[in-house]
Engineer: 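Before I ask anything, let me first share the structure, which is written out below as structure tokens.
In this chain, residues are counted from 1 in sequence order.
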Amino acid sequence: MRVWLACFFVLFALAELFDWLQEFNLPLPIYILGGAFLAVASNYDKIFDSYFADSSIVEASIEQPQLDSLTPSTNPISFPIASAVEDAQISQTDD
């Protein structure tokens, strides 16, 4: 009986909260500030880690190995064409 009573009160409170939230409106600047805050919070690592990071780590991550673009590849790249589409088109035209 206690579980039923607790569930009833929880569902009643959620329904009343939902009704209250439907009538609750915020002005547009609050939405803009909230969006800006979410953008900064989601990119916090990208924005502030670069200022506080160790300079030797930053320099090591900036340096990338240069590839020798003058030597051509000896292994050609080939892509097999799937014949499943062609088989499906042939079977549709046969029907």
Side-chain angles (χ1 to χ4, degrees):
M1 180 70 178
R2 290 181 184 175
V3 173
W4 287 105
L5 195 59
C7 288
F8 172 78
F9 282 121
V10 168
L11 289 176
F12 180 75
L14 287 175
E16 289 297 320
L17 179 68
F18 182 72
D19 284 343
W20 178 74
L21 286 177
Q22 282 183 337
E23 296 176 6
F24 187 71
N25 291 325
L26 292 174
L28 184 61
I30 299 296
Y31 284 113
I32 294 171
L33 289 174
F37 173 74
L38 288 176
V40 169
S42 65
N43 294 314
Y44 183 80
D45 294 340
K46 296 176 186 174
I47 295 171
F48 294 109
D49 278 353
S50 63
Y51 294 121
F52 301 118
D54 186 18
S55 62
S56 62
I57 295 173
V58 173
E59 289 174 2
S61 66
I62 291 174
E63 294 177 6
Q64 296 177 355
Q66 294 181 359
L67 298 175
D68 190 9
S69 62
L70 299 177
T71 58
S73 175
T74 58
N75 298 332
I77 299 173
S78 63
F79 298 101
I81 299 174
S83 62
V85 175
E86 295 171 358
D87 294 341
Q89 289 174 349
I90 290 171
S91 66
Q92 287 178 356
T93 57
D94 291 342
D95 294 337

Engineer: Please say yes or no: joined through hydrophobic side-chain contacts below 4.5 Å, possibly via intermediate residues, are Leu26 and Leu17 part of one cluster?
Structural biologist: yes
Engineer: Nearest 0.5 angstrom please: Tyr31 OH to Asn25 CG, how far?
Structural biologist: 6.5 Å
Engineer: Working to the nearest 0.5 angstrom, can you tell me the gap between Leu33 CG and Leu28 CG?
Structural biologist: 9.5 Å
Engineer: Once rounded to the nearest 0.5 Å, what's the spacing between atom CZ of Phe9 and atom CG of Leu5?
Structural biologist: 4.5 Å
Engineer: CZ/Phe24 to CG/Leu21 distance, rounded to the nearest 0.5 angstrom?
Structural biologist: 8.0 Å
Engineer: Is it true that Phe12 and Trp20 fall in one hydrophobic cluster, defined by side-chain heavy atoms closer than 4.5 Å?
Structural biologist: no
Engineer: For the atom pair CG (Asn43) and CG (Leu38), what is the distance rounded to the nearest 0.5 Å?
Structural biologist: 10.5 Å
